[in-house]
Amino acid sequence: MIVSSTTDFREAARRKLPRFLFDYIDGGAYAERTLARNVSDLADLSLRQRVLKDVSHVDLSTTLFGHYQALPVALAPVGLTGMYARRGECQAAKAAAAKGVPFCLSTVSVCDLAEVSKASPAPIWFQLYVLRDRAFMRDLLAKAADAGATALVFTVDMPVPGARYRDAHSGMSGPNAAARRLMQAVFKPSWAWDVGVMGRPHTLGNVAPVLGANSGLEDFMGWLGANFDPSIQWKDLDWIRDQWKGPLIIKGVLDPEDAKAAADIGADGIVVSNHGGRQLDGVLSSARALPDIAEAVGDKLTVLADSGVRSGLDVVRMLALGAKGVLLGRAFIYALAARGGPGVSQLLDLIEKEMRVAMALTGVNSLAEIDRSILAKVDR
Ligand code: FNR
């Protein structure tokens, strides 16, 4: 199969993965309206074509949190990545490093901090969820520092897990989930072989010590609900700020007031995100929330964005709306599931190529020149 877009990677991933995993990646909360709008609100933004502006030196590089990047993108934290390809977190981290962009390791990854930082030729970012067990969180932060993580991404939009109907139907959550998943998995031998589910036992590396008897994969959403702490408030973030000396990025901000609160607690960055439409269906798409947030705090901290980005054009659109960097979620996961690390490299090459074309045809040579003026008047 010839793969030349995220749509192709998505189809290849759908064919390869057992249904419960594909639906887990692909799906969103409730009726998936926000998930759909994340994609369509971005895709609907018209760019302003400009010509004859000498675009022979288009430069995509940037510096985020003190580190040079070849592209203004990072791979988003995605749970269970080692279930989509063998030691998937390590494969994706290597591909990101080779391209000169950060890989962010999720709290709920299969490969743990030590394994991924050892495999990756470049430093990684680490994403932390709010767990009830604060002593354990402190331990994880220490491990992240030991592993040389250059940024902490603290995800705040999951005080409770969202309701995802596809997961209930497919066997990712709910009664008898494990049995239904096993049935689907045996019909996908190429996936089982690739991922190695029949050999090395899969568990969630970073959180293995708090998993108890079950592996965390038995009832993943149930485990999240039981271990995540919904009582956290902005004032509790002082504690994180004290524990973590490096750059702190708050992920899951969708409102200017919350963005200001993030600036007030001394965060270095935020990710404007609705978790890829996986939490509260019906909230604004990131593309619609981003401009007001960038306006409110763009001069105080680094505004990143994700949710709905499926191409290099979408990256440029997010930058035009005020982001300084963009996280790729499903886009890289489809590629990883379809083709492993080489798939992620291919995806990043595609994103780069599409960004170059978009910048050349909107008449800009550097990221600093990208602002709302590259959007057509109707969308400015
Ligand atoms: C996620 N996301 C996520 N975020 C996070 O902070 N920690 C996590 O463990 C996960 N896990 C996760 C699993 C899967 C399968 C998906 C698709 C997403 C959210 C992720 O970081 C990012 O915000 C979204 O994926 C962005 O939306 P798009 O680009 O996928 O539409």
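Remember, it's 1-based here, ligands and their atoms both numbered in the order they're listed.
Residue, atom and distance of the protein heavy atom nearest to atom 9 (O) of ligand 1 are Ser106 OG, 2.7 Å. In terms of protein heavy-atom proximity, atom 17 (C) of ligand 1 is nearest to Arg278 NH1, 3.4 Å. Annotation: atom 23 (O) of ligand 1 to nearest protein heavy atom, Asp306 OD2, 2.6 Å. Of the protein's heavy atoms, Lys251 NZ, 3.0 Å lies nearest to atom 4 (N) of ligand 1. Protein heavy atom nearest atom 7 (N) of ligand 1, with residue, atom name and distance: Tyr129 OH, 2.9 Å. Looking from atom 6 (O) of ligand 1 to the surrounding protein, the closest heavy atom is Thr155 OG1, 2.7 Å. Closest to atom 30 (O) of ligand 1 among all protein heavy atoms lies Arg330 N, 2.8 Å.
Counting heavy atoms from C-beta on, the side chains of Arg241 and Leu248 come closer than 4.5 Å.
The heavy atom nearest to atom 1 (C) of ligand 1, considering only Pro77, Ser273, Gly28, is found in Pro77. Looking at Gly27, Gly329, Gly79 and measuring to atom 11 (N) of ligand 1, the nearest heavy atom belongs to Gly79.
Val116 and Leu328 end up in the same hydrophobic cluster when Ile, Leu, Val, Met, Phe, Trp and Tyr side chains are linked at under 4.5 Å.
Using a distance-only test at 3.5 Å, with no hydrogens or angles considered, a donor-acceptor pair links the side chain of Gln69 to the main chain of Leu71. Side chain of Arg278 to main chain of Gly27: a donor-acceptor pair is present (N/O by atom type, distance under 3.5 Å, no hydrogens or angles).
In terms of N/O distances under 3.5 Å, ligand 1 is approached by Gly308.
Atoms CG and CG, on Asp306 and Asn274 in that order, are 7.5 Å from each other to the nearest 0.5 Å.
Under a cut-off of 6.0 angstrom, the local environment of CZ in Phe187 is sparse, with at most 12 non-hydrogen atoms contributed by other residues, nucleotides or ligands.
At least one heavy atom of Arg310 sits less than 4.0 Å from an atom of ligand 1.
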